[in-house]
Amino acid sequence: MGEGLSGPAGTIHSMAEGYDVQEIEKKWQARWREMGAYQVENDDPRPHFYCLCMYPYPSGPAHMGHVRNYTFGDLIVRHRTMQGHAVLSPIGFDSFGLPAENAAIKNRTHPRPFTDARIGELKASLERLGSMYDWRREVKSHDPGYMRWTQWIFLRLWENDLAFRGNAPVNWCPGCQTVLANEQVLADGTCERSGDMVTKRELEQWFFRITAYADQLLDDLDGLDWPERVKTMQRNWIGRSEGAEFELPVVGREGVAIPVFTTRPDTSFGMTYVVLSPEHPLVPELTTDDRRAEVEAFVAHVAQESEIERLSTDTALSKRGVFTGSYAINPFNRQEVPIYLADYVLMGYGTGAIMAVPGEDQRDWDFAKAYDLPIVETVQRPAGWDGEAYTGDGRSINSEWLNGLYKAEAIERAIEWLEEQGIGRRTVNYRLRDWLLSRQRYWGCPIPVVYCPEHGAVGVPDDQLPVSLPDDVEFRPTGESPLRFHEGFLNTTCPTCGGPATRETDTMDTFVDSSWYFLRFCDPWNGEAPFDPGAVEQWMAVDQYIGGIEHAILHLMYARFFTKALADLGVAPKDLREPFARLFTQGMIRMGGSKMSKSKGNLVAPSKYFETVGADALRLFHLFVGPPADDVDWSEQSDEVIEGCRKFLQRVWRLAVGDPAGEPTMDGDQLRRATHRLIARVSDDYDRWSYNTAVAACMEFSNLLRHGWGDRDAYDFAVDSLLLVMAPMVPHVTAELWERRHPGEHIHEQPWPVADPQLAAAETVTMVVQVNGKVRDRIEVDAGVEAAAMERMARESAKVQAALEGRDPRKVITVPPKLVNIVA
RNA sequence: GCCCGGAUGUUGGAAUCGGUAGACAAGAUGGUCUCAAACACCAUUGCCCGAGAGGGCGUGCGGGUUCGAGUCCCGCUCCGGGCACCA
């Protein structure tokens, strides 16, 4: 080993013994870097194709998940390029975020050098993997040239009422005296740093009005070529529900009414009580004096509960509610019903108040039982029904003018009645909430807003962007943002009046950065705008987006929202309604049942394989181990399979440069046909993301070749074709072999081979003969065999006759040319 | 609780439209080469019966449709994931 590159004329036998993986991989990586391979211009005349892997958070050298992700991406980039496309393959780094800040706090350093070092490590790994990008287009979230436009976009959204300030409960750690991000709150509701129980506090926060796009975000899912699973998750997250909103007058209080939302107005006659959220603004007014002490104690208790406690279903229902002392009037039947509070009614959904129909809602039924409230059935149960609340369809009962109607019709009728009476209307509610983007952290993009005592919140003028993060900051062990104590940053002047003002010290959620980076890649050098709509039109939408399933909801939803909003604001092309036309979500790498991750300490570093078997073998393993969408279980077997991949590549090397000895198993014509079949198979497998079977096809084909050649031309065609179809999977070894076989040529600049369908079709087929569905014989037949001939051959088979035992066939089914089934 | 996936040899997986179940690998066993080992190569490898020829069984479980089911339908079990008091 090692002499492989020493001399182009080196003896074929020494080369045939194997090749030096390290030397070849480094050689080609340097070559690709020098030639600027896969740099692409916006006006490239070839058909455009935009392939994008989700830009990574720079956590250091690549982990196995990265390797898997970027192996798929690189395969597509190289394959599409060989097919004649101009492929945009950009990459960047999602470089803001908590881990860098936590590391800075711990190591008493600054997140910027820390992050830059991690980016350097990750870049080196990607290059070592042989993954190709147009590095000129690199985008980093923390780059001032990128932050400027992130802030610019924020201001445009704010101007158009798509960003706003509002009160929101935030996670507050009493020990650290600071707000925490959701990720910093552990599963048991405590602070990850201090261990104190985290509580909720109301604070002024910034939001993006994503709910304005709820309908579009839901409807446009239908046109996307995405995994059904991801679309379903987004649909559930948006959680559209249709129903009615109407007002319940309060007994003895003129002009006071409680609005409620329901999806089942048809069951309104069964309303036997009303429940409000403890945070509901009407609570003080509705509480009677004799109930006040108990109600206030209950409200106070709920307020200090953590989210986890509040959502826990463990607490007995009898402790989760309280009677206010007031009554509301059910407008449907004029009956008075008691008004309760309960912690499970959420202020953030619907109107924060519900009509309770225990007959047709299980939760209401449980609550009614706990508080001894009446239950009235308003839907006819089917015969034999012995459950509690009934949510199925049936005729309305006990409902006056609704009686006899089925569910759908009764809902319609009830809504019409509410509208006629002028007390209610048809409405749609969404589970989706507006996107809270404020983060009380340092290492993120500053929100470009100034607070003036005179003019309130004022946007920083465009020509003063970006608002940068000061470097001379001191990180406090508590995790409090140093921006809040940095006088130079904090104190500024009002852009409107020039008077003294203070800056917003919150930074943006890092999901803001990742919501438009794919647009910036189209025009990363633009200094006048985040991007030119014309440049975006050249490439968008992304033709193939690749990433982990963990981003199925948040990132993908936010990026869709940004794309729609920017198009509507005229920043992006108007007709760009969706950012990612096709999405592929790869499986996770697991080890011992759980996701491979740094925090679990079960990482297997790719560098170990780069240094031994090389990038090609590791790439081949990831392609071969199973379907790309499936999770990979890393086990002892993985190392053995990787070693098998390495051996396979060594065999390919010997086939391509050596002199295979032995008796060939087929003649030249047969080999040519087999080669066309290989091309057809691999091309089809690539198109349907079946890389594991594409690798298997290549292995099978190389097993045919290992015996040697009968016809040198056919053999050379076979080897060249094998190298071409493998070039996107294992770029280094195929590039080296191609150059040796075709001096001066570069395999990745060759056109993708196309199979001749005539030659790819099999000449002979194994015809299976069954008797009563059981295989009794196999006969080699011409591929164009006719049904009559098949039946004749089947009947003549000695094995078939033995199986028939003299019986006469009742029926014969022939499926030319593959199968005959004789039914006797 | 609701909504999605999934279950195939010892293991990872294949079977694309209802038509040869187990491709391709990994592992194991035996062999060739070697002083020996490694490498490489060859053979065997779902289970059961049988010396063999051959036969029977077999894709989580129970039914069904069909000439024919891993694949379609009905009912379960287990595993994984998402959402989870959403009115």
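Bear in mind that the values here come from a model prediction, so they are computed numbers and not experimental data. Below, chain A is the first sequence line, B the second, and so on; all start at residue 1.
When ring centroids are compared, A/Phe648 and A/Phe621 stay outside the 6.0 Å threshold.
Counting any heavy atom pair closer than 4.0 Å across all strands shown, A/Val632 reaches no nucleic acid atom. Residue-level contact check: A/Gly644 touches the backbone only, with heavy atoms under 4.0 Å from sugar-phosphate atoms and none from bases. Residue A/Arg776 is in sugar-phosphate contact alone, with no base atom involved, counting any heavy-atom pair closer than 4.0 Å across all strands shown. Using a 4.0 Å heavy-atom criterion, one finds that A/Thr766 contacts the bases of the nucleic acid, with or without backbone contacts as well. At the heavy-atom level, A/Asn772 lies nowhere under 4.0 Å from the strands shown. As judged by a 4.0 angstrom heavy-atom cut-off over every strand, A/Gln362 is placed among residues making no nucleic acid contact. Backbone-only contact: A/Glu640 has heavy atoms under 4.0 Å from sugar-phosphate atoms and none from a base. As judged by a 4.0 angstrom heavy-atom cut-off over every strand, A/Arg651 is placed among residues touching the sugar-phosphate backbone only. Using a 4.0 Å heavy-atom distance criterion, A/Ser241 is classed as a sugar-phosphate-only contact. A/Phe648 comes within contact range of no nucleotide atom at all, as no heavy-atom separation falls under 4.0 Å. Across all strands, A/Asp361 comes closer than 4.0 Å to no nucleic acid atom at all (heavy-atom distances).
Remark: B/A38 base-pairs with no nucleotide in the shown strands. Criterion, Watson-Crick or G-U wobble with two distances under 3.5 Å. Across all strands shown, B/A15 remains unpaired; no Watson-Crick or G-U wobble contact has both distances below 3.5 Å. Nucleotide B/U65 is matched to nothing when pairs are restricted to Watson-Crick or G-U wobble geometry with both distances under 3.5 angstrom. Checking B/U20 for Watson-Crick or G-U wobble geometry (two distances, each under 3.5 Å) identifies no partner in any strand. The partner of B/G5, taking Watson-Crick or G-U wobble pairs whose two distances both stay under 3.5 Å, is B/C79. The partner of B/G52 is absent, by the rule that a Watson-Crick or G-U pair needs both atom distances under 3.5 Å. With a cut-off of 3.5 Å on both pairing distances, the Watson-Crick or G-U wobble partner of B/A43 is B/U29.
Counting only N and O atoms by type, the side chains of A/Ser635 and A/Gln637 include no donor and acceptor under 3.5 Å apart. Using a 3.5 Å distance cut-off with no hydrogens or angles, the side chains of A/Arg560 and A/Gln234 do pair a donor with an acceptor. Checked by atom type, the side-chain pair A/Thr814/A/Glu791 shows no donor-acceptor distance below 3.5 Å.
The 5' end of RNA chain B is approached more closely, in terms of each residue's nearest nucleotide, by A/Arg229 than by the other of A/Ala696 and A/Arg229. Comparing A/Ser690 and A/Gly348 against RNA chain B, the residue whose closest nucleotide sits nearer the 5' end is A/Ser690.
Using modelled atom types, one side-chain atom of A/Lys231 and one backbone atom of A/Leu224 make a donor-acceptor pair closer than 3.5 Å.
Summarising the geometry, the separation between CD1 on A/Ile813 and P on B/G18 is reported as 17 Å, rounded to the nearest angstrom. Rounded to an integer number of Å, the gap from A/Lys774 NZ to B/A21 C1' is 15 Å.
Comparing the same atom, P, in B/U65 and in B/G70 gives a spacing of 16 Å after rounding to whole Å. Across the C1' atoms, B/G22 and B/G12 are found 13 Å apart, a figure rounded to whole Å. Across the P atoms, B/C42 and B/C49 are found 32 Å apart, a figure rounded to whole Å.
Put simply, A/Lys818 has no side-chain N or O that comes within less than 4.0 Å of OP1 or OP2 on B/G19. Note on A/Arg654: every side-chain N or O is 4.0 Å or more away from OP1 and OP2 of B/A40. Regarding contacts with the backbone of B/A87, every side-chain N or O of A/Arg264 stays at 4.0 angstrom or more from both OP1 and OP2. Within the 4.0 Å cut-off from OP1 or OP2 of B/C83, not a single side-chain nitrogen or oxygen of A/Arg235 is found. Applying the 4.0 Å criterion to OP1 and OP2 of B/G12, one finds that A/Ser638 has every side-chain N and O outside that range. Applying the 4.0 Å criterion to OP1 and OP2 of B/A25, one finds that A/Asn703 has a side-chain N or O inside that range.
Considering every non-hydrogen atom in both A/Met767 and A/Ala794, the closest pair reads CE-N, 4.5 Å. Of all heavy-atom pairs between A/Thr693 and A/Arg688, the closest is OG1-NH2, 4.1 Å.
You won't find any donor-acceptor pair under 3.5 Å spanning the side chain of A/Asn236 and the base of B/C83, going by distance alone.
B/C67: glycosidic angle beyond 90° from 0, hence anti.
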